[in-house]
Amino acid sequence: MGSPDPQPRFGQSVKGLLSEKVGSCSGDVIALTRQVLKGSRSQELLGQAARNMVLQEDAILHSEDSLRKMSILTTHLQYQQEAIHKNVEHSRNLQSQLQHLLK
């Protein structure tokens, strides 16, 4: 009766090893799935960060353009202010000359 005894042990031992391997592979698949999900989330966050960066770049470029236009407008307003100031001075001179002639 020595021979029937090793066969069931061998079968049970193979089944046990196979069960361990399946369990190990399942654990590996679960770990891999978690890693893929983390990577997917990381990719999603990186994509969102890239989109936000592009939006910020556009806003900065728009702001720079607005500042350049405001600088041009400021220069034109300064020229107009100088011209008005000169005209006021000229008007005062003409007014004093006119008063002098009317005396």
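Everything numeric here is computed off the predicted structure, so don't read it as measured data.
For the atom pair CG (L67) and NE2 (H62), the distance works out to 10.0 Å, reported to the nearest 0.5 Å. Remark: L32 CG to L37 CG distance equals 9.5 Å, nearest 0.5 Å. For the atom pair NE2 (H90) and CG (N93), the distance works out to 7.0 Å, reported to the nearest 0.5 Å. To the nearest 0.5 Å, atom CZ of residue R68 and atom CG of residue D65 are 4.5 Å apart. Here the straight-line distance linking atom CD of Q78 with atom CD of E82 works out to 7.0 Å at 0.5 Å rounding. Taking NZ of K21 as the reference point, atom CG of D28 lies at 9.5 Å (rounded to 0.5 Å).
Here the rule is side chain to side chain contact (heavy atoms under 4.5 Å, CB included) with V22, and of S26, S19, S24, C25 only S26 fits it.
Ion pairing of R41 with E44 is present here, as a side-chain N (NZ or NE/NH1/NH2) and a carboxylate O approach within less than 4.0 Å.
Between the side chain of S63 and the main chain of A59, a donor-acceptor pair closer than 3.5 Å is present. Side chain of S91 to main chain of N87: no donor-acceptor pair is present (N/O by atom type, distance under 3.5 Å, no hydrogens or angles).
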Please step through salt bridge (charged side-chain N to carboxylate O under 4.0 Å, His left out) for the pair R92 and E89, ending with a clear verdict. CA-CA 5 Å; R92 285 184 186 153; E89 287 298 316; 3.2 Å; yes
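At a threshold of 4.5 Å between non-hydrogen side-chain atoms, the residues H85 and V88 do not count as touching.
Around atom CD of Q81, no more than 12 heavy atoms belonging to other residues, nucleotides or ligands sit under 6.0 Å away.
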